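Along the sequence shown, residues carry numbers from 1. Just so we're clear, the structure is a prediction, and the values are computed from it rather than from any experiment. Atoms within a ligand are numbered from 1 in the order they appear, just like the ligands themselves.
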Amino acid sequence: MASTAPFAKMNGIGNEIIVADMRGRGDQVTAAAALALNADAATRFDQIMAIHDAKTPGTAYYVDILNSDGTSAQACGNGMRCVVQALAAETGQKTFTFETRAGILNAREHADGTISVDMGMPRFGWQEIPLAEEFRDTRMIELQIGPIDAPVLHSPSAVSMGNPHAIFWVDRDVWSYELERFGPLLENHPIFPERANITIAQVTSPESMIIRTWERGAGLTKACGSAACASVVAAARTRRTGRSVDLLTPGGGTLHVEWREDDHVILTGAAEWEFSGSFDPSTGTWARDTESAA
Ligand SMILES: N[C@H](CCC[C@H](N)C(=O)O)C(=O)O
């Protein structure tokens with residue numbers, strides 16, 4: 001058995017996150033460990049953020065991201081805020097430069113405890129998202145679900161925030177759609193060769209929207225940061241909102257997204273620690289720290 005690694009169960013406005021401290025070791029959190037942790041109600045999660053030693057000069061840490069089905073993800077905005085909060089508490093530092101599979105990413109903890117993550121630049125090319133066939137304009141792609149003559153959801157915008165997203169625009173209450181039924185079909189639709197995160201978005205003003213997301217590899221979640229970024233970029237591109245938007249998410253929390261003029265997308269919100277423990281990164285066997293809160 002490999003030696004155990006410390007972890008913290010946290011959440012980013014309800015997005016269930018495990019921050020695993022894999023610094024100073026060469027092994028990885030395995031898919032088997034992810035599945036085992038997710039099968040236990042106490043450690044059920046949407047993403048594991050595994051902090052590794054830096055690989056690239058100029059970055060402080062390399063962060064590997066796993067979904068609850070054991071697959072890996074390029075980006076996780078809510079999880080990055082949890083990573084920042086944990087590292088800021090440990091080091092006293094407020095700003096960090098990370099590397100993820102999607103590239104270099106900067107983040108900062110503010111005086112009020114909220115955290116901003118620079119999620120980088122969105123990409124709109126059909127091959128970059130990626131889509132399986134050519135769409136010259138990804139502001140609206142041909143895809144629908146439900147009866148052919150009366151689709152329930154149709155014509156989403158497609159965006160890459162490092163990871164693939166499709167945003168379906170709806171006029172009715174986002175809760176009136178059976179996302180748990182349509183989500184898996186759309187996530188795995190052949191138009192998305194790397195699958196996709198599926199969001200339904202209701203724009204409520206030029207500065208606000210409500211979103212619900214079916215996450216690739218994790219299912220329905222209480223919040224999804226990269227989907228919030230993708231939704232604002234897609235809404236601004238289609239003139240539904242401006243470039244600075246508050247998003248209400250299913251957990252009741254709010255995220256703020258700003259698509260800056262320099263094309264970077266900044267995600268801001270809270271992060272919360274729940275409890276700490278240690279786990280075996282190869283099997284997922286874990287124990288709660290005795291001094292840790294319930
Ligand atoms: N919860 C994450 C997104 C995870 C994306 C993941 N489900 C994928 O792309 O496979 C967030 O806050 O950005």
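Atom CG of Asp171 has 12 or fewer heavy atoms from other residues, nucleotides or ligands within 6.0 Å. In this structure, Glu142 places its CD atom where only 12 or fewer heavy-atom neighbours from other residues, nucleotides or ligands lie under 6.0 Å away.
One side chain, Glu187 or Trp214, offers a donor N or O that lies under 3.5 Å from an acceptor on the other. In this model, a donor atom of one side chain and an acceptor atom of the other lie less than 3.5 Å apart for Glu272 and Asn11. For the residue pair Glu99 and Thr56, a side-chain donor N or O sits within less than 3.5 Å of a side-chain acceptor on the partner.
For the pair Leu255 and Gly269, the tightest heavy-atom approach, listed with the atom from each and the gap, is CD2-CA, 4.2 Å. The two residues Glu215 and Cys224 have their closest heavy-atom pair at OE2-CB, 3.3 Å.
Checked by distance only, ligand 1 and Met119 stay at 3.5 Å or farther apart across all their nitrogen or oxygen atoms. For a threshold of 3.5 Å applied to N or O pairs, the pair formed by Arg216 and ligand 1 contains at least one separation below that value. Taking distance alone, with nitrogen or oxygen atoms compared against 3.5 Å, Ser72 stays at or beyond that limit from ligand 1.
Among protein heavy atoms, the minimum distance from atom 6 (C) of ligand 1 is reached at Asn67 OD1, 3.2 Å. The protein non-hydrogen atom at the shortest distance from atom 12 (O) of ligand 1 is Gly225 N, 2.6 Å. The nearest heavy-atom contact from the protein to atom 2 (C) of ligand 1 is Cys76 SG, 3.1 Å. Nearest protein heavy-atom neighbour of atom 5 (C) of ligand 1: Asn163 ND2, 3.4 Å.
Heavy-atom separations between Thr221 and ligand 1 are all 4.0 Å or longer. At least one heavy atom of Asn197 sits closer than 4.0 Å to an atom of ligand 1.
Only the side chain of Asn15 comes within 4.0 Å of ligand 1, counting heavy atoms alone; its backbone N, CA, C and O stay farther away. Residue contacts with ligand 1, taken as heavy atom pairs separated by less than 4.0 Å, do not involve Gln74 at all. Residue Ala75 touches ligand 1 through its backbone alone, judged by heavy-atom distances below 4.0 Å. When non-hydrogen atoms are compared, ligand 1 lies under 4.0 Å from neither the backbone nor the side chain of Ala218. The proximity of Ile65 to ligand 1, defined as any non-hydrogen pair under 4.0 Å, does not occur for either the backbone or the side chain.
By heavy-atom distance, the residue among Cys229, Gly217, Ser226 lying nearest atom 3 (C) of ligand 1 is Ser226.
The cationic group of Arg212 does not satisfy the cation-pi geometry with Tyr177, failing either the under 6.0 Å distance to the six-membered ring centre or the 45° limit from the ring axis. A cation-pi contact, defined as under 6.0 Å to the ring centre and within 45° of the axis, is absent between Arg108 and Phe96.
In the hydrophobic clustering of this structure, Trp273 groups with Val63; members are Ile, Leu, Val, Met, Phe, Trp, Tyr whose side-chain heavy atoms approach within less than 4.5 Å, directly or through other members.
Annotation for ligand 1: atoms under 4.0 Å from non-hydrogen atoms of Asn78 are 11 (C), 12 (O). Residue contact check: Ala73 has heavy atoms under 4.0 Å from atoms 6 (C), 8 (C), 9 (O), 10 (O) of ligand 1.
A salt bridge is defined here as a Lys NZ or Arg NE, NH1 or NH2 lying under 4.0 Å from an Asp or Glu carboxylate O, and Lys9 with Glu16 meets this definition.
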